[in-house]
Visitor: 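Provided herewith is a single structure, encoded as structure tokens, for subsequent inquiry.
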Amino acid sequence: MNILHISFECYPIAKVGGLADVVSALPKYQNTHTTDTSVIIPFYKNEFTKGAIYESVHKSTVFMRDTDYSYSVEKVNSPDLGFTTYLVYVEGLLDRPNVYNYEDDAERSIIFQLVVLDWLNTKAGIPDIIHCHDHHTGLIPFLMAHGDPYTQLRDIPTVLTIHNAQYQGKLSYDKLGCLPSFDKNKIGLLDWDQLINPLASAIKCASRVTAVSKSYMLELQERANGLEGLLRQEKDKCVGILNGIDLDTWNTETDPMVIQNYKISNVVSGRKENKKWLCDNFGFDINKPLFGFIGRLVGEKGADLLPEIVQEAYDVNHIDASLLILGSGNKDTEERLTLLKEKYSGLYNTFIGYDEKLSHIVYAGADFLLMPSRVEPCGLNQMYALRYGSIPIVRRTGGLRDTVIDIGDNGFGICHDQASVWDVCYSMKRAVSLYEDQGKYREIQKQIMEIDHSWERSAKEYKRIYELLIPN
Ligand code: ADP
Ligand code: GLC
């Protein structure tokens with residue numbers, strides 16, 4: 001079985017969030033299980049591509065709007081990745097350092113999709129399944145079925161995985177001129193609410209739709225940023241499949257990014273070294289419990305609550321613990337978090353930015369990880385935290401609901417129902433009490449490190465879907 005994953009991110013080539021982690025771990029896992037899996041993403045001018053060796057496997061041109069763009073498909077020579085990776089290079093559009101946040105992101109995602117389709121349309125040995133991830137690849141199922149140039153691709157089944165339905169890639173109709181000619185009777189398949197909506201189009205046109213946890217798939221039928229009606233309508237082809245984590249990368253015994261490696265038998269001393277490093281570098285007292293937060297500073301993650309949480313935790317609840325926040329995103333939140341550093345110095349600190357190494361040390365050194373998410377399709381942080389022995393404190397939503405059970409329900413985490421300052425502070429107080437009972441804390445820590453979050457089960461579910469779609 002030959003699978004092609006199409007995405008805008010893939011770790012370690014280009015990562016903004018969990019999408020990248022999934023689009024490297026799932027293909028790697030699939031490749032060890034009788035599937036021949038590859039990944040195609042845009043080319044980025046970054047540290048990874050600077051050091052990589054490529055082979056151009058295809059060069060041609062695609063026409064977008066009124067211009068012919070030359071492109072190349074570069075195969076990355078990197079056996080360590082565990083799957084074949086292709087990068088789409090288009091001078092001026094797909095040759096930038098960052099993944100998102102350019103004014104012409106619409107054109108960048110359209111040209112990426114046009115190149116992938118053009119390449120596949122001429123390629124010998126086309127995939128058995130095209131697996132698209134999120135809205136940046138959402139026009140592909142429609143164009144494969146109804147785009148005039150892509151006659152070769154008509155019968156290939158497509159799977160769409162929704163990692164985040166908040167972002168839909170909506171385009172005004174003046175972008176229609178960027179698309180190749182297609183069957184105009186089918187234009188409704190591109191539309192949602194009088195806009196071209198790539199995510200909606202993929203939900204309509206893909207052979208199967210998955211979301212990254214069972215609870216999130218159910219929630220989407222109630223709240224999906226305007227697409228809930230569509231998801232209810234299409235529910236028979238939709239299924240929630242929980243993400244796994246890459247146990248090669250996220251392995252406490254071998255992780256090269258942490259200060260001290262450890263395993264369950266020496267978890268206390270190993271994690272202590274990581275906590276010590278964090279306390280030394282961020283000015284905390286190692287004897288107090290340490291809370292961490294890692295993530296994009298956006299409303300979905302409840303990040304706008306963080307500044308108030310800091311103040312309420314210390315001024316009102318007098319919580320005797322330290323808090324380290326690692327993240328970047330909303331500028332106002334970044335500034336508010338930075339301003340609080342001085343007032344709460346010794347108890348609270350923040351690193352505004354993206355730092356992969358620091359994130360690993362936080363999982364390995366913080367005693368608890370906060371995730372007050374309003375929306376969390378799956379969430380990988382809580383799974384990394386569990387694996388590394390840091391107890392997650394989560395709001396019951398999406399994948400957090402599916403992966404963390406409260407200690408009060410014979411579980412191993414701390415859960416709350418509202419994304420509110422009050423709920424988070426109350427959970428922090430429960431955490432401090434748990435920490436004071438070191439016997440219980442250590443028992444839970446060992447328990448969480450043994451939970452199986454490998455891709456084994458989920459990859460089987462994907463395989464079942466692929467098998468149903470491939471004609472015998
Ligand atoms: P999302 O994809 O919505 O951002 P996930 O929980 O699925 O959320 O994945 C987030 C990933 O990004 C995790 O690997 C997390 O460690 C990482 N991450 C997020 N923000 C940062 C940051 N500022 N520095 C380092 N890693 C980060
Ligand atoms: C998205 C979601 C996150 C999920 C990740 C990987 O970015 O916000 O919850 O874990 O995709 O599927």
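In each ligand, atom 1 is the first atom listed, and ligand 1 is the first ligand listed. Note that the numbering runs from 1 along the sequence shown for the chain.
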Visitor: Indicate whether the side chain of Tyr100 and that of Glu9 have a donor and an acceptor atom separated by less than 3.5 Å.
Guide: yes

Visitor: With only distance considered, is Asp355 within less than 3.5 Å of ligand 1 through an N or O on each side?
Guide: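 Such a contact does occur with ligand 1.
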
Visitor: Gly379: heavy atom below 4.0 Å from ligand 2, yes or no?
Guide: yes

Visitor: Is the Trp277 ring parallel, tilted or perpendicular to the Phe282 ring (thresholds 30°, 60°)?
Guide: perpendicular

Visitor: Is Asp193 paired with Lys170 through a side-chain N to carboxylate O contact shorter than 4.0 Å?
Guide: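 No, this pair does not count.
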
Visitor: So which protein heavy atom does atom 4 (O) of ligand 1 come closest to, and at what separation?
Guide: Arg296 NE, 2.8 Å

Visitor: Considering non-hydrogen atoms of the protein only, which is the closest contact for atom 11 (O) of ligand 2, and what is the distance?
Guide: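 Minimum-distance protein heavy atom for atom 11 (O) of ligand 2 reads His163 CB, 3.3 Å.
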
Visitor: Backbone, side chain, both or neither: what part of Val375 comes under 4.0 angstrom of ligand 2, heavy atoms only?
Guide: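 Val375 to ligand 2: no contact under 4.0 Å from either part.
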
Visitor: For ligand 2, which atoms sit closer than 4.0 Å to a heavy atom of Val212?
Guide: 12 (O)

Visitor: For atom 22 (C) of ligand 1, find the nearest protein heavy atom and state the residue, atom name and distance (0.1 Å precision).
Guide: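 Answer for atom 22 (C) of ligand 1: Tyr354 CD1, 3.5 Å.
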
Visitor: Mind checking whether Asn381 contacts ligand 1 via backbone (N, CA, C, O), side chain (CB onward), both or neither, at a 4.0 Å heavy-atom cut-off?
Guide: both

Visitor: Please write down residue, atom name and distance for the protein heavy atom closest to atom 5 (P) of ligand 1.
Guide: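 Minimum-distance protein heavy atom for atom 5 (P) of ligand 1 reads Leu380 N, 3.7 Å.
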
Visitor: Give me the nearest non-hydrogen protein atom to atom 8 (O) of ligand 2 as residue plus atom name, then the distance to 0.1 Å.
Guide: Asn164 ND2, 3.4 Å

Visitor: Would you mind running through ligand 1 and noting each atom that sits below 4.0 Å from a heavy atom of Tyr384?
Guide: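 So the answer, numbered in order with elements, is 13 (C), 14 (O).
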
Visitor: Going by the order shown, which atoms of ligand 2 are within less than 4.0 Å of some heavy atom of Asn243?
Guide: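 Counting from 1, the qualifying ligand atoms are 6 (C), 10 (O), 12 (O).
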
Visitor: Is it the case that ligand 1 has an N or O less than 3.5 angstrom from some N or O of Lys301?
Guide: yes

Visitor: Kindly indicate, with the supporting measurements, whether the criterion side chain to side chain donor-acceptor pair (under 3.5 Å) is fulfilled by Asn381 and Tyr363.
Guide: CA-CA 8 Å; Asn381 296 17; Tyr363 293 120; 3.3 Å; yes

Visitor: Ring centroids only, cut at 6.0 angstrom: are Tyr441 and Phe368 within range, meaning strictly under it?
Guide: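 Yes, they do, as the ring centres are separated by less than 6.0 Å.
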
Visitor: Let me know which of Leu160, Asn197, Leu220 forms a side-chain contact (heavy atoms from CB on, under 4.5 Å) with Ile203.
Guide: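 Answer after filtering Leu160, Asn197, Leu220: Leu160.
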
Visitor: Can you tell me if Ser458 uses its side chain to pair, donor with acceptor, with the backbone of Leu242 under 3.5 Å?
Guide: yes

Visitor: Ignoring hydrogens, just give me the one of Glu300, Met371, Gln166, Lys15 whose non-hydrogen atom is nearest atom 17 (C) of ligand 1.
Guide: Lys15

Visitor: With a 4.0 Å cut-off on N to O distance, would you call Glu450 and Lys446 a salt bridge?
Guide: no

Visitor: Identify, for atom 20 (N) of ligand 1, the protein heavy atom at the shortest distance, and state residue, atom and that distance.
Guide: Gly295 CA, 3.4 Å

Visitor: Check for me whether Arg108 meets the cation-pi criterion with Tyr102, that is, NZ or CZ under 6.0 Å from the six-membered ring centre and within 45 degrees of the ring axis.
Guide: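 The answer is no, since Arg108 fails at least one limit relative to Tyr102.
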
Visitor: Are any of the N/O atoms on Glu376, whether in the backbone or the side chain, positioned under 3.5 angstrom from an N/O atom of ligand 2?
Guide: yes

Visitor: Salt-bridged, Glu467 to Arg464, with N to O below 4.0 Å?
Guide: no

Visitor: Please indicate whether any nitrogen or oxygen in Gly18 is less than 3.5 Å from any nitrogen or oxygen in ligand 1.
Guide: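 Indeed, backbone or side chain, Gly18 has an N or O that close.
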
Visitor: In terms of atom number and element, which parts of ligand 2 are under 4.0 angstrom from non-hydrogen atoms of Pro377?
Guide: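 The list of qualifying atoms is 2 (C), 8 (O), 9 (O).
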
Visitor: Parallel, tilted or perpendicular: which fits the ring planes of His360 and Trp250, with parallel below 30° and perpendicular above 60°?
Guide: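 Parallel: the ring planes of His360 and Trp250 meet at under 30°.
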
Visitor: Any idea which of Trp250, Phe293, Tyr363, Phe351 brings a heavy atom closest to atom 16 (O) of ligand 1?
Guide: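 Result: the heavy atom closest to atom 16 (O) of ligand 1 is in Tyr363.
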
Visitor: As an exercise, identify every atom of ligand 1 less than 4.0 angstrom from a heavy atom of Gly327.
Guide: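 Heavy-atom distances to Gly327 below 4.0 Å select 23 (N).
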
Visitor: With only distance considered, is Gly18 within less than 3.5 Å of ligand 2 through an N or O on each side?
Guide: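 N/O-N/O distance below 3.5 Å does not exist for this pair.
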
Visitor: Numbering the atoms of ligand 1 from 1, which are under 4.0 Å from a heavy atom of Leu326?
Guide: 22 (C), 23 (N), 24 (N)

Visitor: Are Tyr344 and Gln311 linked by a side-chain donor-acceptor pair shorter than 3.5 Å?
Guide: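 Checked: Tyr344/Gln311 side chains show no N/O donor-acceptor pair below 3.5 Å.
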
Visitor: Is Ile294 close to ligand 1, meaning an N/O of one under 3.5 Å from an N/O of the other?
Guide: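 No, there is no polar N/O contact under 3.5 Å.
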
Visitor: Among the heavy atoms of Cys378, does any lie under 4.0 Å from an atom of ligand 1?
Guide: no

Visitor: Between Asp423 and Ser420, does any side-chain donor sit less than 3.5 Å from a side-chain acceptor?
Guide: yes

Visitor: Taking non-hydrogen atoms only, is Asp21 closer than 4.0 angstrom to ligand 1 via side chain, backbone, both or neither?
Guide: side chain

Visitor: For Asp255 and Tyr388, test the side chains for any donor-to-acceptor distance below 3.5 angstrom and give the result as yes or no.
Guide: yes

Visitor: List ligand 1 atoms under 4.0 Å from Gly17, heavy atoms only on the residue side.
Guide: 2 (O), 4 (O), 11 (C), 12 (O)

Visitor: Under 4.0 Å, heavy atoms only, figure out whether ligand 2 is touched by the backbone of Val22, its side chain, both or neither.
Guide: side chain

Visitor: So, does Glu342 use its side chain to make a donor-acceptor pair with the main chain of Leu339 at under 3.5 Å?
Guide: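 No; judged by distance alone, with no hydrogens or angles, the pair does not exist.
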
Visitor: Would you find a donor on one side and an acceptor on the other, under 3.5 Å apart, between the side chain of Glu219 and the backbone of Gly398?
Guide: yes

Visitor: Quick one: which of Gly379, Ser328, Ser373, Gly353 has a heavy atom closest to atom 23 (N) of ligand 1?
Guide: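 Considering heavy atoms of Gly379, Ser328, Ser373, Gly353, the nearest to atom 23 (N) of ligand 1 sits in Gly353.
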
